[in-house]
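Here the structure is laid out as structure tokens; the discussion comes afterwards.
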Amino acid sequence: MTEIVLKQGAEAKLYIGNYNGTICLVKERFVKNYRLPELDKTLSKQRIKAEQKSAKRCKDCGIKAPKIFHADFKERKVYMEYFDKAITVKDYIIEIQKDEEQIKLICQRIGNVVGKMHENNIIHGDLTTSNMLIDKNENDYELIMIDFGLSSYSTSNEDKGVDLYVLERALISTHSNLPQLFDEIIVHYKESYQASDETIKRFEEVRARGRKRTMIG
Amino acid sequence: MVIAIGFEGSANKIGIGIIRDGEVLANVRKTYITPPGSGFLPKETAEHHRNQVLGLIREALDVSKIYPNEIDVVCYTKGPGMAPPLLAVAIVARTIAQLWNKPILGVNHCIGHIEMGRLITGAQNPTVLYVSGGNTQVIAYSNKRYRIFGETIDIAIGNCLDRFARVIKISNDPSPGYNIEQLAKKGKKYYTLPYAVKGMDVSFSGILSEIGRKALPQKATKKRKLDQEDVNELPSHEDLCYSLQETIFAMLVEITERAMAHCGSNEVLIVGGVGCNERLQEMMGIMCEERGAKLFATDERFCIDNGIMIAHAGYEMFRTGTRMKWNDATITQRFRTDEVEINWEVGKV
């Protein structure tokens, strides 16, 4: 079967495959020759495991994420559910950037989902608008979280704070023309996450650490 | 034709450079080296710079065969850096600018590194990895700013290396990082360390704690029990340096590659003191080769803090019309790379 490569990122390529007769998405992680083989193997395994576990955890607490069919550690492949009509939130925001109502709605969805993840101690590890999908063919849409390679399970406010910090930085660099996004997201983040005050306090510390750091040239 | 003189002294190096339209005429430097097991402290570093600066000015003028009246602009590091050494050097720059009756320009240290790297290597619009004792950033140019895509969320990579060198008490001459690199070349066994990539950011503090514990298990905190492995065999310094470098450099290459994929860039430029590490350059080279990109790196003359990079960035600012009032010729410990508006052309954007 010839594979149709959908996307080739820094770490993996995505293509349409087949798992027991079902059309699925295959994510194949590259061997990175710049790092030691033992380190590369460990990381690849860790990330495939994280991908499996966190996607399942998300689904268990009602967050939409791809169903993982199978993970092949030797071939470095993960077979998962394919959302053929979905687009990334990144592209969607660019499309609707002038529509204030729509922007508010998407921020609400992002805030709610990220809050719910943290409520359930799921740390995404790479929160960007490229790692969120929506299926906007329906009248309403639900956010689909993807790419859990850097994710982990943690109850610590530090880890959650860093997760928010990564999201803030990603929004600044990807959607620099829409500076209101992050604050809007945080409003809705608080709605779906009970202990959000403590996490946000820690997030502010993480951010201050970043600003303070440029001490020595 | 513009001739610029640059003064750098934000950390333990004091450097003076003279440049004429991109041509290096002089680049002289002195480093404050402390005994093994200790780092450089602000007050002593400033004192070192004060003692060296006049001799270096003489040397730079002699090497370049330039007379003070030929110089068009005096540039100095405004920040970021340690306040006392920055101040010591800024005062000298202000004084000679007044004496010679020349305009003065304060330069962002990080911009100095990037512009000098571009000048020396010819990189057009690269993804920049800026790695030094105080900074770890992945930077790309867009819309008149050098924007930070990824950075450390705690300590800088060079700080991690310097502090580990202090733990195992290896020499700071010529630099702790250089000596770690030499030891690492003899290392064979890889000890697993934490690997901390968060989005496009990295973290080194946990790695530093862990490798410190591996190096000196007897000093490990009482709270934490020793692994049996720790007690049975003490890892050699060579193996520890090797494991440390392999881990933290892999993290850097990974976030650089992510930034490249993000920006669709096919050039990488490594700048900053840690950038002259040959293993880091080798690893980055492999990554670039695999994705059909090009790597640009410089050697210790331009990677490690120097005066010429300040002169060159100042020259770019001066020729594109930036001027500074005497009242603004101050210093600042905190001065982020993305605060500076870039008025000169960077690549074909």
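Any value given below was found using the heavy atoms of this structure, including those in side chains, with hydrogens, waters and symmetry copies removed. Letters A, B, ... are given to chains in the order of the sequence lines, protein chains preceding strands, and every chain is numbered from 1.
- Only the side chain of B:Tyr195 comes within contact range of chain A, judged by heavy atoms closer than 4.5 Å.
- A salt bridge does not link A:Arg209 to B:Asp154: none of the charged nitrogens lies less than 4.0 Å from a carboxylate oxygen.
- Between B:Ile153 and A:Val162, the shortest heavy-atom distance links the atoms CD1-CG2, 3.7 Å.
- Counting heavy-atom neighbours within 6.0 Å of B:Lys144 NZ, excluding the residue itself, gives a total above 12.
- Contacts of B:Arg145 with chain A are absent, with no heavy-atom separation under 4.5 Å from either backbone or side chain.
- For residues 252-261 of chain B, heavy-atom neighbours of chain A at less than 4.5 Å comprise B:Val253, B:Glu254, B:Glu257, B:Arg258, B:Ala261, sorted by residue number.
- Of the atoms belonging to B:Leu193, not a single heavy atom falls under 4.5 Å from chain A.
- When the shell of 6.0 Å around NZ of A:Lys59 is examined, it contains more than 12 heavy atoms from other residues, nucleotides or ligands.
- Within 6.0 Å of the CD atom in A:Glu100, the count of heavy atoms belonging to other residues, nucleotides or ligands does not exceed 12.
- At most 12 heavy atoms of other shown residues, nucleotides or ligands fall within 6.0 angstrom of atom NZ in B:Lys43.
- Between the CZ atom of B:Arg291 and the CZ atom of A:Phe30 there is a distance of 9.0 Å, given to the nearest 0.5 Å.
- Scanning both residues, B:Phe149 and A:Arg169, for their nearest heavy atoms gives O-NH2, 3.4 Å.
- Around NZ of A:Lys77, the count of heavy atoms belonging to other residues, nucleotides or ligands within 6.0 Å exceeds 12.
- Note: B:Glu246 CD to A:Leu39 CG = 8.0 Å, rounded to the nearest 0.5 Å.
- Using a 4.5 Å cut-off between heavy atoms, A:Glu11 touches chain B through its side chain atoms alone.
- Here the OG-CD1 distance, from A:Ser173 to B:Ile148, works out to 11.0 Å after rounding to the nearest 0.5 Å.
- Nearest heavy atom pair, residue A:Arg35 against residue B:Ala250, reads CB-CB, 3.9 Å.
- Options B:His262, B:Arg147, B:Glu290 differ in how many heavy-atom pairs under 4.5 Å they form with chain A, and the most are formed by B:Glu290.
- Proximity to chain B (any heavy atom under 4.5 Å) is shown, for A:Leu36, by both the backbone and the side chain.
- Enclosure of atom CD in A:Gln194 is not indicated, since only 12 or fewer non-hydrogen atoms of other residues, nucleotides or ligands lie within 6.0 angstrom.
- More than 12 heavy atoms of other shown residues, nucleotides or ligands fall within 6.0 angstrom of atom CD in A:Gln180.
- B:Gly199 and A:Leu150 get closest at one heavy-atom pair: N-CD1, 3.8 Å.
- Listed by sequence position, A:Gly125, A:Asp126 are the residues of residues 119-129 of chain A in contact with chain B, using a 4.5 angstrom heavy-atom cutoff.
- Atom CD of B:Glu289 has 12 or fewer heavy atoms from other residues, nucleotides or ligands within 6.0 Å.
- Comparing A:Val166, A:Asn131, A:Leu43 by how many heavy-atom pairs each has under 4.5 Å with chain B, the most go to A:Leu43.
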